[in-house]
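Bear in mind the structure is a predicted one, so any value in this text is a computation, not a measurement.
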2 protein chains.
Amino acid sequence: MNYANTLKNYDLKVTPQRVAIVQELYVCGHLNIDQLYNKLLEKFPSISLATIYKNMNAMIEKIFVQEVKIPNEKSVYELTKERHAHFVCECCKKIEDIHLDTDNLLTQVAQKTHYTINSTSLVFNGICSECAQQ
Amino acid sequence: MNYANTLKNYDLKVTPQRVAIVQELYVCGHLNIDQLYNKLLEKFPSISLATIYKNMNAMIEKIFVQEVKIPNEKSVYELTKERHAHFVCECCKKIEDIHLDTDNLLTQVAQKTHYTINSTSLVFNGICSECAQQ
DNA sequence: CTGACTGCAAACGTTTTGCACGGTA
DNA sequence: TACCGTGCAAAACGTTTGCAGTCAG
């Protein structure tokens with residue numbers, strides 16, 4: 001993953017702060033604003049929260065990054081990938097991507113509503129196996 | 001629907017403001033805080049936003065009301081009902097409940113993650129048939 | 001009568017904005 | 001060089017809290 005080139009592909013100027021944001025999202029998968037800010041503080045001790053917000057908004061506008069809204073939790077951000085669902089552990093707050101076959105689901109929605117579906121937001125809350133063992 | 005009795009069933013004191021909140025949610029289905037505030041202003045010209053917030057939090061705590069987080073939109077609130085999904089029209093912002101058979105989906109999640117699922121948040125974004133005609 | 005609810009004002013946390021400076025292309 | 005991004009400070013916004021007065025049970 002070449003972070004700088006990926007930014008360019010999305011029409012975003014390359015700056016060290018942006019590269020670091022992409023890198024953290026790539027490595028960590030899902031981060032909320034505070035987590036991202038704290039990670040970046042290690043590399044850029046004088047980085048501003050305003051910079052984080054401005055960059056997230058710029059990346060969201062280019063659909064390079066997407067916000068994931070989670071019940072009872074702060075929103076997290078992830079690099080745009082192929083459509084997938086999320087599992088959130090209510091205990092350790094871990095978030096995992098789940099790739100599901102949603103053809104049947106979308107067929108049901110189409111039959112019941114006759115609406116055109118453009119995107120989905122599927123979040124499953126529960127207890128992960130690590131937390132369940134304790 | 002007897003609003004006062006329903007409030008009592010959920011261990012919530014009955015006040016005119018609360019009855020009005022339940023009534024609006026029952027009639028409108030889904031409302032965000034501003035919409036609810038504006039509706040209640042008609043009946044209670046001096047009602048405070050703080051009252052709305054306090055009551056929503058009280059009702060959520062009793063699981064009488066639930067928050068629905070929607071991508072790119074403000075959260076809306078609805079009376080707790082049986083599990084269901086939501087369709088949101090990107091054009092007119094209309095929100096509709098959809099009752100889907102999710103057995104297959106939950107089976108897939110169970111097989112792929114071995115996690116215990118306690119709740120789901122399923123939101124479908126698209127264009128409703130009324131907006132599609134235009 | 002007692003405790004809970006209301007409405008107001010202030011406080012708080014989060015996100016956005018304006019501006020001077022510095023860096024990217 | 002021209003424009004865009006950064007960081008700081010202030011502003012804006014949404015939500016919560018404290019308090020005095022009022023109401024429900």
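For the residue pair B:Gln17 and B:Thr51, no side-chain donor N or O sits within less than 3.5 Å of a side-chain acceptor on the partner. A:Glu78 and A:His86 are linked by a side-chain donor-acceptor pair at a separation below 3.5 angstrom, with hydrogens and angles left out of the test. Checked by atom type, the side-chain pair A:Lys39/A:Gln23 shows no donor-acceptor distance below 3.5 Å.
Judged by distance alone with a 3.5 Å cut-off, no donor-acceptor contact links the side chain of B:Lys8 to the base of D:dG25. A donor N or O paired with an acceptor N or O is found under 3.5 Å between the base of C:dG18 and the side-chain atoms of A:Lys54.
The phosphate of D:dC23 (OP1 or OP2) has no side-chain N or O of B:Gln17 nearer than 4.0 angstrom. Look at A:Asn55 and you won't find any side-chain N or O under 4.0 angstrom from OP1 or OP2 of D:dG5.
Side-chain N or O atoms of B:Lys69 include one that pairs as donor or acceptor with a backbone N or O of A:Ile70 at under 3.5 Å.
Summarising the geometry, the separation between CE on B:Met59 and C1' on C:dA4 is reported as 14 Å, rounded to the nearest angstrom. If you take NZ of B:Lys62 and P of C:dA4, they are 11 Å apart, rounded to a whole angstrom. Taking atom CG on A:Leu49 and atom P on D:dA9, their separation rounds to 13 Å, with Å as the unit. When rounded to the nearest whole Å, the span between CG of B:Leu36 and C1' of D:dG14 equals 15 Å. Between B:Leu7 atom CG and C:dC5 atom P the separation is 11 Å, expressed in whole Å. Straight-line distance from the NZ atom of A:Lys74 to the P atom of C:dT14: 5 Å, rounded to whole Å. Rounded to an integer number of Å, the gap from B:Asp11 CG to C:dA4 C1' is 13 Å. Distance CG (A:Asn5) to P (C:dA25): 11 Å, rounded to an integer number of Å.
Side-chain atoms of B:Thr51 lie closest to C:dG7 of the nucleotides C:dG7, D:dG14, D:dG7. Comparing C:dA25, C:dC8, D:dC8 by their nearest atom to the side chain of A:Ala50 picks out D:dC8. Considering only side-chain atoms of A:Thr15, the nucleotide from D:dT6, D:dT16, C:dC8 that sits closest is D:dT6. With C:dT16, D:dC8, C:dA25 as the choices, the nucleotide that has an atom nearest any side-chain atom of A:Val14 turns out to be C:dA25.
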- Query: Where do B:Tyr77 and B:Ile60 land on the side-chain contact (heavy atoms from CB on, under 4.5 Å) test, with the steps shown first?
  - Reply: CA-CA 9 Å; B:Tyr77 299 86; B:Ile60 288 170; 3.7 Å; yes
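Annotation: of the two residues near DNA chain D, A:Pro16 and B:Lys13, the 5′-most nearest-nucleotide partner is A:Pro16. Residue B:Arg18 is the one, among B:Arg18 and A:Ile33, whose nearest nucleotide of DNA chain C lies closer to the 5' end (criterion: closest heavy atom).
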